[in-house]
Novice: 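Encoded as structure tokens, here's the structure I'll be asking about.
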Number of protein chains: 2
Amino acid sequence: MFAYHASSANVYGMSGLREQKKAATRTALSWAAVRLTVERGFSAVKVEDIAAAVGVSPRTYNNYFSSKAEAIAFRHLERSLRLAAEVRDGPPDEPLWEAITRASLRQLEPGPEVEHMPPQQPDEWPAGRQAMWAEPALQAELLRANKIAEKELAAAIADRTGRDPEFDLYSRLVAASVMAANNVALELSVEAGQTEPMESLLPRALRMVATGLPTP
Amino acid sequence: MFAYHASSANVYGMSGLREQKKAATRTALSWAAVRLTVERGFSAVKVEDIAAAVGVSPRTYNNYFSSKAEAIAFRHLERSLRLAAEVRDGPPDEPLWEAITRASLRQLEPGPEVEHMPPQQPDEWPAGRQAMWAEPALQAELLRANKIAEKELAAAIADRTGRDPEFDLYSRLVAASVMAANNVALELSVEAGQTEPMESLLPRALRMVATGLPTP
DNA sequence: CTCGGAACTTGCGTGGTACGCATGTTTGCG
DNA sequence: CGCAAACATGCGTACCACGCAAGTTCCGAG
């Protein structure tokens, strides 16, 4: 919880050398956690391994993340928070749903950390990735990351439309529905047998929730 | 994970005396976990306490639930699964969104287990309840329960509308949006300062996601 | 430049959790 | 009635989260 808040602060303002180092360590830990989990499986990865892979003590690991799942979900959280930030910082005259669609599509682009991409067996990556998502403890933490981002998104939407972010039903419903559309599109595209690319599936889903879901 | 699946089986078919006892024990454990957590706070409750309150060994507790959070979230899961079941088992000629609204409102009614209601200090209950929901580990597990129910709901909707529950975008979007509306309405009503009762807030939210969310 | 305090890292110790395994007990069914 | 499967339990193990105190690094004021 603390780690989450501290991190979101780092995403925006990291002035000193100290904070840059902290952000780098947190990112490295999260990335190592993901990589090792995909390679070996969740329960086969010890906290000690993750810490060792980054070169810090296990105790330090727990200063950044309060659980194994949180470390893995951190990258997902950052991506989701970028969506909210994109909506907030986009051109103010842009129609709301255009901003949302643009921001959602932006999430698909790989972040700036993929340069460290070290999958030694890229062909084994998808299977491990799928196994990772199937882990209950992971699912729970990823959903929590989504909800944190949803709260930010609701605030951004309330800002844009000049509403009280605290008590407004519309902002919250839009935020929740947008996250839902994103998740549904992602799940569908991950599952085998789906041919439609995210670039068209995601806007389609967003248009559906925006215009309504009458019984067909 | 196993506990969740076994339980959903019990909700529907529990024929033998054996299965009834199992269901009773699981419900008792879950209820004890909730009660103790509300009274004392999450981290102040040991697994040992929950097991002792029900009269089983700590080891048996872990045969039913694989974590403290899972036990607490179990009641929430059951309620959410009832929503999906209501939609599935409602009159087939009922319009989809009417069925959804009816099923959602049905969730608000207290389940059949409230007869065991033992809050000794009912005035302290709301505060403890709110503290419980604020616990990160709990949030994560509750969200996972929601997602499990969402999957069931999507299947029920696909059934009703004669679609393939596996690859259909519409069913999943409706299910996800309905859960989102339920959650948003619940959150708003729980937070202080909200005067509108759930009985009108929830249908309003559902109508909004059903008919669309254009920029106001 | 340098020095003092704040922030960060680390090792140690503690309490708690999850679960495999083996054993005794209960239940359902032929 | 009696057996096989399911279940409860105790024990032991590995792991994890975190408080505390000591050492180390960084930043900025003087």
Side-chain angles (χ1 to χ4, degrees), chain A residues 1-7 9-10 13-29 33 36-37 40-74 135-138 140-141, chain B residues 1-7 9-10 13-29 33 36-37 40-74 135-138 140-141:
Chain A
M1 187 179 188
F2 161 75
Y4 275 173
H5 253 82
S7 73
N10 286 333
M14 41 180 175
S15 49
L17 191 156
R18 217 176 190 113
E19 321 236 345
Q20 283 183 18
K21 265 189 159 178
K22 271 195 73 167
T25 302
R26 183 176 286 109
T27 299
L29 282 172
L36 290 174
T37 301
R40 306 183 199 170
F42 182 71
S43 61
V45 177
K46 313 299 166 210
V47 169
E48 190 186 343
D49 303 332
I50 303 171
V54 176
V56 297
S57 74
R59 187 62 185 84
T60 296
Y61 168 91
N62 269 338
N63 288 342
Y64 284 90
F65 299 109
S66 57
S67 80
K68 231 197 309 181
E70 195 180 280
I72 297 173
F74 175 69
E135 201 71 30
L138 262 300
E141 202 61 31
Chain B
M1 186 180 185
F2 161 77
Y4 274 172
H5 253 81
S7 73
N10 286 332
M14 42 180 174
S15 49
L17 191 155
R18 215 179 191 113
E19 321 236 344
Q20 282 184 17
K21 266 189 156 179
K22 271 195 74 167
T25 302
R26 183 176 286 110
T27 299
L29 282 172
L36 291 173
T37 300
R40 306 182 199 169
F42 182 71
S43 60
V45 176
K46 312 298 165 210
V47 169
E48 190 185 345
D49 303 333
I50 303 171
V54 176
V56 297
S57 74
R59 185 62 184 85
T60 296
Y61 169 90
N62 269 339
N63 287 343
Y64 283 90
F65 298 109
S66 57
S67 81
K68 231 197 309 180
E70 194 180 280
I72 297 173
F74 175 69
E135 200 72 30
L138 263 299
E141 202 61 31

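Just so it is clear, the model here is predicted, and its values are computed rather than measured. Letters go in sequence order (proteins before strands), and every chain restarts at 1.
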Novice: Examine dT9(C): is either OP1 or OP2 under 4.0 Å from a nitrogen or oxygen in the side chain of Thr60(A)? Give yes or no.
Specialist: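 No, no such contact exists.
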Novice: Give a yes/no answer on whether the side chain of Tyr61(A) brings an N or O atom under 4.0 Å of OP1 or OP2 in dA17(D).
Specialist: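 So the side-chain polar atoms of Tyr61(A) never come under 4.0 Å of the phosphate oxygens OP1 or OP2 of dA17(D).
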Novice: What nucleotide among dA17(D), dT17(C), dT9(D) has an atom nearest to a side-chain atom of Ser67(A)?
Specialist: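 Given the options dA17(D), dT17(C), dT9(D), the side chain of Ser67(A) is closest to dA17(D).
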Novice: Nearest heavy atom decides the nucleotide; on that basis, is Glu48(A) or Thr25(B) closer to the 5' end of DNA chain D?
Specialist: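 Its nearest nucleotide being more 5', the pick is Thr25(B).
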Novice: How close or far is atom C1' of dT17(C) from atom CD1 of Ile72(B), stated in whole angstroms?
Specialist: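 To the nearest whole Å, that distance equals 14 Å.
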Novice: Would you say Lys46(A) places a side-chain N or O within less than 4.0 Å of OP1 or OP2 belonging to dC16(D)?
Specialist: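 Result: no.
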Novice: Can you tell me if the side-chain N/O atoms of Lys21(A) get under 4.0 Å from OP1 or OP2 in dC26(D)?
Specialist: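 Checking Lys21(A) against dC26(D): at least one side-chain N or O falls below 4.0 Å of OP1 or OP2.
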Novice: Are Asn62(B) and dA18(C) close enough that a side-chain N or O sits under 4.0 Å from OP1 or OP2?
Specialist: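 Yes, within the criterion.
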Novice: To the nearest angstrom, how far is Gln20(A) atom CD from dT25(D) atom C1'?
Specialist: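 From Gln20(A) CD to dT25(D) C1': 16 Å.
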Novice: To the nearest Å, give me how far apart CG (Leu29(A)) and C1' (dA17(D)) are.
Specialist: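 Answer to the nearest Å: 16 Å.
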Novice: Flag the pair Tyr64(B) / Val56(B) as yes when at least one side-chain heavy-atom distance between them is below 4.5 Å, and no otherwise.
Specialist: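 With C-beta onward as the side chain, the pair stays apart.
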Novice: Figure out the OH/C1' separation between Tyr64(B) and dT9(D), and round it to whole Å.
Specialist: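 To the nearest whole Å, that distance equals 12 Å.
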Novice: Whole angstroms only, please: what is the NZ-C1' distance between Lys22(B) and dT26(C)?
Specialist: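 Taking atom C1' of dT26(C) as the reference, NZ of Lys22(B) is at 14 Å.
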Novice: Can you name the nearest heavy-atom pair linking Leu138(B) to Ala69(B), along with the distance?
Specialist: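 The answer is CD1-O, 4.3 Å.
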Novice: Quick check: closest heavy atoms across Leu36(B) and Ala53(B), and the distance to 0.1 Å?
Specialist: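 Between these two residues, the closest heavy atoms are CD1-CB, 4.3 Å.
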Novice: From NZ of Lys68(A) over to C1' of dC15(D), roughly how many Å is that when rounded to an integer?
Specialist: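 From Lys68(A) NZ to dC15(D) C1': 8 Å.
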Novice: Quick one: does any side-chain atom of Tyr61(B) pair with a main-chain N or O of Ser67(B) as donor and acceptor, under 3.5 Å?
Specialist: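 Checked: pair present.
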Novice: Side-chain N or O of Ser66(A) less than 4.0 angstrom from OP1 or OP2 on dA17(D)?
Specialist: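 So the side-chain polar atoms of Ser66(A) never come under 4.0 Å of the phosphate oxygens OP1 or OP2 of dA17(D).
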Novice: In whole angstrom, what separates Ile50(B)'s CD1 from dA18(C)'s C1'?
Specialist: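 Checked: the CD1 to C1' distance equals 14 Å.
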Novice: Closer than 3.5 angstrom, by distance alone: can the side chain of Asp49(B) be matched with the main-chain N or O of Lys46(B) as a donor-acceptor pair?
Specialist: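 Indeed, once roles are kept as given, a pair shorter than 3.5 Å links the two residues.
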Novice: May I have the distance from Asn63(A) (atom CG) to dC16(D) (atom C1'), rounded to whole angstrom?
Specialist: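 To the nearest whole Å, that distance equals 14 Å.
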Novice: Confirm from the modelled atom types if Arg59(A) and dG13(C) form a donor-acceptor pair under 3.5 Å, side chain to base only.
Specialist: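 No, the side chain and the base share no sub-3.5 Å donor-acceptor pair.
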